[in-house]
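Start at 1 and go down the list; that is how both ligands and their atoms are numbered.
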Amino acid sequence: MAAHFLFLALLALASSHAIASDPNQLQDFCIADPNSDVFVNGFVCKDPKQAKAEDFFFSGLDKAGDTGNKVGSNVTLITVDQIPGLNTLGITLARLDFAPYGLIPPHTHPRATEILTVLEGTLYVGFVTSNPNNQLFTKVLHKGDVFVFPEGLIHFQFNYGKTNAVAISGLSSQNPGVILIPNAVFGTKPPISDDILAKAFQLDKKTVDWLQAQF
Ligand SMILES: *[C@@H]1O[C@H](CO)[C@@H](O)[C@H](O)[C@H]1NC(C)=O
């Protein structure tokens, strides 16, 4: 009997750890009301009687993002900001465009796991586990391949081929967030002291200043 209760208690504990990163739903939907001046975790719901199909709709993901920038990539992220009906639903969609050899630099999504599929071209992707191992997992992905980047871990996507590449990602938050490592380290406003970065990266301060000047 005691073993039975222990089993149930462990089961309850295990399932309470299985919840997604966004809080669970208490109703069918909660369309974001961008005009509310109440601040909650997410957005206040607009009156459900005022719900329209447009609240759950976005058009334009067929259009490629402009990859004419330093890294040769562009992410079109469709979050609760574009689709107010996503509020509280714990999901987001993104289109990733790459010029030949284009890169989405190492970054993390603090609130979401990402699942990606390649529609066109070839991508070399990878993620790194937390300390102390910092193990790198990589894969070359072709059209139709799918890869997962676990929540919070640093990852990158690189166009391995001589043609453009396109991928679609689902992310497990209405607002996954993105922290680009180079920008969050060398491109901050105001800059992080070059003493700090020189020590952290074992560089001389001139190199740090040069890196900071690239942003
Ligand atoms: C991504 O593409 C959009 C649409 O073409 C463009 O407005 C935006 O500036 C691009 N972003 C970057 C970082 O190049």
Side-chain angles (χ1 to χ4, degrees), residues 32 34 43 54-87 89 91-128 138 140-192 197 201 208-215:
F43 293 94
E54 273 62 36
D55 293 324
F56 303 93
F57 175 77
F58 173 86
S59 180
L61 215 55
D62 58 319
K63 290 180 195 70
D66 181 0
T67 57
N69 50 54
K70 277 189 176 180
V71 288
S73 70
N74 195 306
V75 178
T76 310
L77 196 58
I78 310 303
T79 70
V80 67
D81 294 329
Q82 285 72 34
I83 305 186
L86 277 181
N87 191 37
L89 294 182
I91 197 164
T92 283
L93 194 67
R95 172 182 173 135
L96 286 55
D97 286 288
F98 302 82
Y101 307 114
L103 171 72
I104 301 179
H107 64 283
T108 86
H109 304 291
R111 291 175 290 276
T113 290
E114 174 172 354
I115 184 164
L116 171 151
T117 188
V118 177
L119 300 184
E120 269 174 46
T122 310
L123 294 180
Y124 172 72
V125 303
F127 69 82
V128 181
T138 64
V140 174
L141 304 180
H142 303 282
K143 186 173 177 171
D145 291 349
V146 178
F147 198 75
V148 171
F149 306 96
E151 179 168 332
L153 298 189
I154 293 177
H155 59 282
F156 59 84
Q157 295 101 351
F158 175 67
N159 180 2
Y160 212 48
K162 297 189 181 94
T163 58
N164 289 345
V166 183
I168 294 282
S169 280
L171 295 111
S172 62
S173 169
Q174 68 177 36
N175 182 23
V178 56
I179 299 171
L180 281 162
I181 307 304
N183 305 54
V185 173
F186 294 106
T188 63
K189 293 171 216 83
I192 297 175
L197 293 181
F201 289 87
V208 170
D209 297 342
W210 183 85
L211 284 166
Q212 288 179 319
Q214 305 312 304
F215 291 90

- prompt: Among protein heavy atoms, which lies nearest atom 1 (C) of ligand 1, and at what distance?
  reply: Asn74 ND2, 1.5 Å

- request: Can you label the angle between the His155 ring and the Phe149 ring as parallel, tilted or perpendicular, going by 30° and 60°?
  value: parallel

task: Considering the heavy atoms of Gly65, write down every atom of ligand 1 situated less than 4.0 Å from one of them.
output: 2 (O)

- request: Decide side-chain contact (heavy atoms from CB on, under 4.5 Å) for Thr108 and Phe127; before the verdict, give the C-alpha distance in whole Å, the side-chain angles of both, and the deciding distance to 0.1 Å.
  value: CA-CA 9 Å; Thr108 86; Phe127 69 82; over 6 Å; no

message: Under 4.0 Å, heavy-atom basis, I'd like to know which part of Asp66 is in contact with ligand 1: side chain, backbone, both or neither.
response: both

- request: To the nearest 0.5 Å, tell me how far Leu61 CG sits from Ile78 CD1.
  value: 5.0 Å

field: Spacing of Asp66 atom CG and Ser73 atom OG [to the nearest 0.5 Å]
entry: 10.5 Å

- prompt: Under 4.0 Å from atom 7 (O) of ligand 1, is there any protein heavy atom?
  reply: no

query: Nearest to atom 13 (C) of ligand 1, what protein heavy atom do you find, and at what distance?
result: Asn69 ND2, 3.8 Å

- prompt: Taking atom CZ of Phe186 and atom CD1 of Ile181, what is their separation to the nearest 0.5 Å?
  reply: 11.0 Å

